[in-house]
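One structure below.
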Amino acid sequence: MRKFLIYIIIFITLVTTGTLLLVAARELPEERIEYNFIDSTEQFKIEQFYGRVVNASKARYQLDNCSEILILYQSVYLNKYEPLSSVYANGTFYEQTDANMNCYLELYTDAIKEHKPSNMNYVRYWQGFRAPVRMLLTFFNYTEIRELIMWVFILLFGSVLLVLYRQTGSFWPPLIFALCIALSNPIVLFSSLQYSCCYLLAFIGMLGLPIIIKKPKLTGYYFFVLGALTQYFDFYTTPLITCGLPLLGLMICLAYKEDTTVCSLIKLVVRCILLWLAAYVMMWIAKLILASLFTETNGLENGINSFLFRIGVDKREDLMQYYSPIGALKACLISMLDLKVWIGLAVVWFVTLAIIIITAHDRKRFGRALVFLALSVLPVAWIFVSAQPSYIHSFFQHRVLCVSILSVFFSLLVLYKDTRGEKRIELNE
């Protein structure tokens, strides 16, 4: 009962803090924010809706500037000209225009210059990103924000590699983690507010691993907070990343300790996933209820109808092809890597497995390796449940599969008895 009350207090604190953060963001200097938004439009005129970097023929290099400009536009409209309820309403001014980037930019720019009152609400997300984006727009335009994301991403990524090395005493976990992130195509992540969000949250989450390893009683609270923050900040990209990467990081650190049992790993996985998911859903429902109470839009009806449409309970005839779970998984696999790369990874995994079994395996570790392999199914299940958005937006939602790649390759490390790593852990302790 005491733990339940603590979770409720944490949840109420997160909802209250999230609301106050958005209220405070409304008071930031509007003139600078508007100037930097208008200055940012030049970059979107060059890239258009779905520009591609590095390789124009590959979907994995595709940007989603339709969402990027909307993120900036929604952030600008969280201002003192709008009623306080805009914190929950997520309102903007919109009118029908030609479906091309230049027309949208003209519409948005005119609306901001003339301070047109909002006439459309987007209530089914918290859009907590509006607070940090408004702070960034106070000082930078969009291209400068991209550069800042790149440096923050690199610094956090490097820090995570150091944490993994320090906690395991082996260079293999950070090396495999680096491979996983490389396969996520970081050059595109650097270029997008939308894409980078969950990765940055996951990296920040992984920096706390030393704390929850020393104080395991905090683990449940930790993943509960991560789930809530994901719902608050993410514009629905790859939310499972913020659960999968920190969880796998925690598991591999614990697996390098000999006293970690299969049962304890299973309990850890189930507990962390359920608490993360509970917070993620609760935060969403809280937003819908608050929108229903403080805006003219029925948030619960809007959000639930959208959810039922996305998971295929209510289907649109013109989108029937996108409700196929197998089709969605295939689209994500193709978007993430070429077939020859998938085959190459499979060959490396099976050859390495054979070598480990022949030379350096420990039979006691097979159970732990199976727990890692089982976790690789989680992203596939996520894609199956959310087949429609995963299929349509496979060019960025494919990145959830990096959790599968990491879990599959981490399973090899669990089988391999790395005595050097164990000695380094002893020295570190």
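The residues of the chain are indexed from 1 along the displayed sequence. Source: prediction; values computed, not measured.
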Full working for side-chain contact (heavy atoms from CB on, under 4.5 Å) between N102 and K45
CA-CA 6 Å; N102 291 344; K45 289 177 182 177; 3.6 Å; yes

If you round to the nearest 0.5 Å, how far is CD1 of I33 from CE of M135?
10.0 Å

Distance-only donor-acceptor hits, side chain of residues 207-229, under 3.5 Å, sequence neighbours excluded:
from, atom 1, to, atom 2, distance (Å)
T219, OG1, P216, O, 2.9
Y222, OH, G205, O, 2.7
Y222, OH, G208, N, 3.3

Donor-acceptor pair, side chain of S118 and main chain of M120, under 3.5 angstrom:
no

Sidechain N-carboxylate O distance under 4.0 Å for R134, E30:
yes

Please find the pair of heavy atoms, one from V123 and one from A89, that lie closest to each other, and give the distance.
CG1-O, 3.6 Å

Less than 4.5 Å apart, side chain to side chain, heavy atoms only: is that true for L345 and V408?
no

Which heavy-atom pair separates Y142 from S192 by the least distance, and what is that distance?
OH-CA, 4.3 Å

Would you indicate whether the side-chain heavy atoms of L164 and F171 approach each other to under 4.5 Å?
no

So, N79 side chain and V76 main chain: donor-acceptor pair closer than 3.5 Å or not?
yes

To the nearest 0.5 Å, what is the distance between CZ (F157) and CZ (F153)?
7.0 Å

Run the salt bridge (charged side-chain N to carboxylate O under 4.0 Å, His left out) test against R60 and tell me which residues pass, sequence neighbours left out.
D338

Drop me the distance from I38's CD1 to D110's CG, to the nearest 0.5 angstrom.
9.0 Å

Nearest heavy-atom contact between I112 and H115 is O-CD2, 3.1 Å

4.5 Å side-chain heavy-atom contact, T19 and Y88
yes

Exercise: identify the closest heavy-atom pair between Y199 and S184:
OH-OG, 3.0 Å

Are L375 and L247 close enough, and set up right, to give a side-chain contact (heavy atoms from CB on, under 4.5 Å), and what steps lead you there?
CA-CA 10 Å; L375 195 57; L247 179 55; 4.2 Å; yes

Kindly give the heavy-atom pair with the smallest separation between L245 and M206, and that separation in Å.
O-CE, 3.7 Å

Is it the case that over 12 heavy atoms from other parts of the model lie below 6.0 angstrom from the CD1 atom of I6?
yes

Can Q43 and T143 be said to form a side-chain contact (heavy atoms from CB on, under 4.5 Å), step by step?
CA-CA 7 Å; Q43 185 67 25; T143 52; 3.3 Å; yes

Is L413 close to F372 at the side-chain level, that is, under 4.5 Å between some pair of heavy atoms?
no

Heavy-atom closest pair (V188 atom, Q62 atom, distance to 0.1 Å) is CG1-O, 4.0 Å

Can you see whether N121 engages T297 through a side-chain donor-acceptor pair at a distance of less than 3.5 angstrom?
yes

Rounded to the nearest 0.5 Å, how far does OG of S75 lie from CG of L136?
9.0 Å

Taking side chain to side chain contact (heavy atoms under 4.5 Å, CB included) as the test, write out the residues that go with I289, two or more places apart.
I285, L293, L300

Output, in order, the C-alpha distance, side-chain angles, deciding distance and verdict of side-chain hydrogen bond (donor to acceptor under 3.5 Å, both in side chains) for S394 and S335.
CA-CA 6 Å; S394 61; S335 293; 3.3 Å; yes

From CA spacing to verdict: side-chain contact (heavy atoms from CB on, under 4.5 Å), L288, N302:
CA-CA 8 Å; L288 300 182; N302 181 285; 5.9 Å; no

Before you tell me yes or no, could you show the steps for R124 and S306 under side-chain hydrogen bond (donor to acceptor under 3.5 Å, both in side chains), namely the whole-Å CA-CA distance, both residues' side-chain angles and the distance that decides it to 0.1 Å?
CA-CA 8 Å; R124 61 180 177 270; S306 175; 3.3 Å; yes

Under 4.5 Å between any side-chain heavy atoms of D64 and F395, yes or no?
yes

Nearest 0.5 angstrom please: L401 CG to L337 CG, how far?
9.0 Å

Decide yes or no for Y73 and Y104: does some side-chain heavy atom of the first lie under 4.5 Å from some side-chain heavy atom of the second?
no

Report, one line per pair, each donor and acceptor closer than 3.5 Å where one atom sits in a side chain of residues 125-132; sequence neighbours left out.
from, atom 1, to, atom 2, distance (Å)
W126, NE1, M283, O, 2.8
Q127, OE1, Q74, NE2, 3.1
R130, NE, Q127, O, 3.0
R130, NH1, S86, O, 3.3
R130, NH1, N90, OD1, 3.2
R130, NH2, V87, O, 2.8
R130, NH2, N90, OD1, 2.8
R130, NH2, W126, O, 3.3

Would you tabulate the side-chain donor-acceptor contacts of residues 321-334 under 3.5 Å, counting partners in other chains and residues two or more places apart, or write 'none'?
from, atom 1, to, atom 2, distance (Å)
Y323, OH, F309, O, 3.4
Y323, OH, R316, N, 3.4
S324, OG, G327, N, 3.0

Got more than 12 heavy atoms from elsewhere within 6.0 Å of OH, Y7?
yes

Is the backbone N or O of E144 less than 3.5 Å from a side-chain atom of N141, with the two atoms forming a donor-acceptor pair by type?
yes

Output the distance between atom SG (C180) and atom CZ (R399), rounded to the nearest 0.5 Å.
12.0 Å

Within the structure provided, determine whether E95 and F93 are in side-chain contact (heavy-atom separation under 4.5 Å).
yes

Mind running side-chain hydrogen bond (donor to acceptor under 3.5 Å, both in side chains) on T17 and T13 for me, showing each step along the way?
CA-CA 6 Å; T17 304; T13 302; over 6 Å; no

Please indicate whether E114 has more than 12 foreign heavy atoms, meaning atoms of other residues, nucleotides or ligands, lying under 6.0 Å from its CD.
yes

Decide yes or no for Y391 and Q397: does some side-chain heavy atom of the first lie under 4.5 Å from some side-chain heavy atom of the second?
no

Does atom CD of Q48 have more than 12 heavy-atom neighbours, drawn from other residues, nucleotides or ligands, at distances under 6.0 Å?
yes

Quick one: does any side-chain atom of T41 pair with a main-chain N or O of L105 as donor and acceptor, under 3.5 Å?
no

Start with the C-alpha distance between E47 and R146, add both sets of side-chain angles, then the distance that settles salt bridge (Lys or Arg N to Asp or Glu O under 4.0 Å), and finish with yes or no.
CA-CA 14 Å; E47 295 177 358; R146 276 180 168 177; 2.7 Å; yes

For residues 233-244, please give each side-chain donor-acceptor pair under 3.5 Å, one per line with the distance, not counting sequence neighbours.
from, atom 1, to, atom 2, distance (Å)
D234, OD1, T237, N, 3.3
D234, OD1, T237, OG1, 2.7
D234, OD2, Y236, N, 3.3
D234, OD2, T237, N, 3.0
T242, OG1, T230, OG1, 2.6
T242, OG1, P239, O, 3.0
T242, OG1, W276, NE1, 3.0

